[in-house]
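Note sheet for the following structure.
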Amino acid sequence: MTLQTQVPERRLTDAIGKALANRSFAIGLFIALLVAGTALLSFVWTPYDVTKLVIADKQQAPSWLHWFGTDHFGRDILSMIMVGSRNSLAVALVAVGIGMGLGVPLGCLAAARGGLLDEALMRLNDLVFAFPALLSAIMITAIFGPGAINAIIAIGIFNVPVFARVARAGALSIWPREFILAARAAGKGGTAITVEHILPNIATLLMVQGTIQFALGILAEAGLSYLGLGAQPPMPSWGRMLFDAQTKMAIAPWMAIFPGLAIVVTVLGLNLLGDGIADLIDPKARRQR
Amino acid sequence: MTAYLLKRLVIAAITLVLASMVVFAVLQVVPGDPARLMLGMNASAEQVEMLRSQLGLNDPLVLRYLHWAIGLLHLDFGRSYTYSVPVLDLVRERIVVSLPLALIALALSTAIAIPVGLYSASRRGRAGDVIAMGVSQVGVAVPNFWFALLLIYLFAVWLRWVPAGGFAGWKAGAWPALKSLLLPAVALALPQAAILARVTRQALLEVLSEDYIRTARAKGMPYRAVLWRHALRNALIPVLTIMGLQFAFLLAGTVIIENVFYLPGLGRLVFQAITQRDLIVVESVVMLLVAAVIAVNLLVDLSYALVDPRLRSRE
């Protein structure tokens with residue numbers, strides 16, 4: 001935020017205007033804000049109480065009263081999707097946090113030191129990549145008990161090598177640059193250079209990867225909770241709602257359609273946002289500048 | 001070439017050994033005693049102790065690991081705690097479902113993605129490209145198990161063309177078996193095809209902006225020939241990389257998809273084994289899948305050398 005005060009106001013509005021002119025970025029940002037807004041709104045208001053079972057209203061088709069219909073316990077699906085979004089976003093966001101928090105320092109360290117350490121860290125990366133992520137997440141949550149926390153850890157672990165790889169590749173491309181040489185000549189150490197020069201230069205790269213992993217995390221969380229390994233009832237979760245919908249498919253297809261659409265829209269929005277950021281910082285365009 | 005091959009092989013072998021240690025270690029910390037599980041709650045402490053020593057559960061950790069790992073090499077996976085049959089029999093019985101499923105899905109995904117990628121790249125920015133990439137953007141966001149539910153609703157509940165789940169078995173003939181694998185394969189394949197199509201298009205576009213493409217066009221080579229002979233071949237490396245990664249994803253995806261369709265495959269086996277704490281099955285199947293992933297990645301690495309002559313001549 002200190003950065004903004006340094007930038008002249010006109011340049012800032014120009015930058016925002018340019019960003020919003022990018023279609024992917026604008027649509028992605030809109031969807032992301034919409035989903036985040038809905039999740040926040042659900043803390044203070046939902047159309048119906050999701051903890052209240054109204055058996056008389058069970059499996060009602062979408063109507064003006066229940067826009068997305070009701071489930072087999074008579075709960076309002078729209079309200080459940082709203083509350084469920086908290087869980088999806090929280091799990092995926094923290095999992096990205098874990099991945100970045102551990103992966104980025106590891107990747108930067110590998111790039112800064114090189115040699116044996118680099119080789120060892122990259123082999124460790126290969127090792128994690130050898131495990132199909134979802135399968136291992138299933139194993140972890142099943143062994144250490146189902147629940148949102150274990151789902152976060154399970155998904156987060158597999159984000160670590162992804163961020164390590166991206167950070168390492170990004171850092172390696174910055175290290176040979178002249179300004180790094182200048183910083184070294186000025187007597188700065190590896191850590192100082194990484195924090196002051198490397199990280200700001202790979203931040204956008206990490207942001208793009210962050211949106212991708214965020215989107216993948218939402219899909220993974222939905223998969224885990226579909227298998228009953230994510231957030232536990234009565235906490236609504238999108239994956240769990242789909243599981244409940246499966247046996248009711250023939251009579252109440254809306255139970256499956258709307259939670260699924262919620263996942264698709266959220267993931268789509270995040271992917272578009274990531275594409276948009278990548279477009280805006282296109283390295284080719286940057287090189288020409 | 002040989003140096004490249006050797007390096008890849010050694011790395012794959014080391015990864016495999018490390019992976020086996022990780023799998024073994026993770027399952028050591030699992031709460032619950034397999035012997036107690038097998039005998040039930042009414043068994044006496046002596047009976048449990050006897051079975052423990054019979055199963056070798058009292059041996060030192062390193063010995064148990066070596067015993068298990070050497071067994072794996074001989075395809076001796078031990079006996080399942082819950083099914084009381086050799087794990088190998090279970091695997092053999094289930095792999096005939098999962099392997100065809102993953103292969104059909106991979107074939108489908110490739111068969112859709114490569115033409116779409118080629119089409120989009122050759123019509124960059126035009127309506128066809130925009131539509132194809134819009135659809136694929138949505139496809140990437142679709143969870144395969146949700147897509148599976150929609151397919152079941154459409155083709156099994158509504159149109160009644162295919163069964164909603166279960167597996168007819170290969171003995172009843174190839175067609176009924178394939179029919180029950182069709183929807184699961186499509187559900188697995190389409191989201192993957194969306195990713196692969198985008199990667200193919202991107203890789204092609206990068207290649208198409210190279211100088212040698214302009215040269216080929218300038219010497220009068222038809223556009224189609226340039227696309228197939230020069231561009232696609234050079235774009236194959238990223239495409240193959242993603243295909244290799246997707247194979248791992250497909251294998252893991254079978255765990256969920258087999259649960260959606262009640263298919264008796266490896267994925268469902270491992271999922272049930274996890275919930276039943278049948279650790280020996282979990283260890284073996286996870287190791288098998290990890291080995292498959294490592295093998296496929298090795299194959300992808302080797303295929304780079306086939307596709308890219310520069311890798312062959314280097315070193």
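Letters A, B, ... are given to chains in the order of the sequence lines, protein chains preceding strands, and every chain is numbered from 1.
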Problem set entry | Under 4.5 Å from any heavy atom of chain A - which part of B:Thr275 | neither
Exercise. Given side chains that start at C-beta, do those of B:Val23 and A:Phe131 come closer than 4.5 Å, heavy atoms only?
Worked result: yes
Exercise. Of the listed residues (A:Asp126, A:Leu135, A:Leu227), which shares the most heavy-atom pairs with chain B below a 4.5 Å separation?
Worked result: A:Leu227
Exercise. Which bit of A:Phe129 comes within less than 4.5 Å of chain B, counting heavy atoms only: side chain, backbone, both or neither?
Worked result: backbone
Problem set entry | Residue, of A:Leu127, A:Asn271, A:Leu134, that accumulates the most heavy atom pairs under 4.5 Å with chain B | A:Leu127
For this session: Determine whether the aromatic ring centres of A:Phe68 and A:Trp254 lie less than 6.0 Å apart.
Result: no
For this session: Could you tell me whether A:Phe243 atom CZ has more than 12 heavy atoms of other residues or ligands within 6.0 Å of it?
Result: no
Exercise. Who among B:Val282, B:Leu149, B:Ile152 has the most heavy-atom pairs with chain A under 4.5 Å?
Worked result: B:Leu149
For this session: Examine whether an atom of A:Ala130 lies under 4.5 Å from a heavy atom of chain B, and if so say whether it belongs to the side chain, the backbone or both; otherwise answer neither.
Result: both
Problem set entry | Contact winner vs chain A - B:Leu251, B:Ile11, B:Asn259, heavy-atom pairs under 4.5 Å | B:Ile11
Seminar exercise, completed: Okay, B:Phe271 and chain A: the region with an atom under 4.5 Å from a heavy atom over there is side chain
Exercise. Would you call A:Asp71 and A:Lys248 a salt bridge, using N to O less than 4.0 angstrom?
Worked result: no
Problem set entry | Closest-packed option against chain B by number of heavy-atom pairs under 4.5 Å, given A:Ile257, A:Ile263, A:Leu124, A:Val265 | A:Ile257
Exercise. If you tally heavy-atom pairs under 4.5 Å against chain A, which of B:Val260, B:Ile294, B:Val138, B:Val26 wins?
Worked result: B:Val260
Exercise. Does the pair B:Glu258 and B:Ser98 meet the rule for a side chain to side chain donor-acceptor pair (under 3.5 Å), with working shown?
Worked result: CA-CA 8 Å; B:Glu258 284 174 1; B:Ser98 296; 2.6 Å; yes
For this session: Evaluate the side-chain contact (heavy atoms from CB on, under 4.5 Å) criterion for residues A:Arg23 and A:Leu272: first the C-alpha distance (whole Å), next the side-chain angles of each, then the deciding distance (0.1 Å), finally the verdict.
Result: CA-CA 9 Å; A:Arg23 211 167 0 147; A:Leu272 285 174; over 6 Å; no
For this session: Could you walk me through whether A:Arg240 and A:Ser225 pass side chain to side chain donor-acceptor pair (under 3.5 Å), step by step?
Result: CA-CA 5 Å; A:Arg240 188 82 203 172; A:Ser225 51; over 6 Å; no
Exercise. What part of A:Ile218 is in contact with chain B, defined as an atom under 4.5 angstrom from a non-hydrogen atom: side chain, backbone, both or neither?
Worked result: neither
Exercise. Does the pair B:Asp301/B:Lys7 count as a salt bridge with the N-to-O cut at 4.0 Å?
Worked result: no
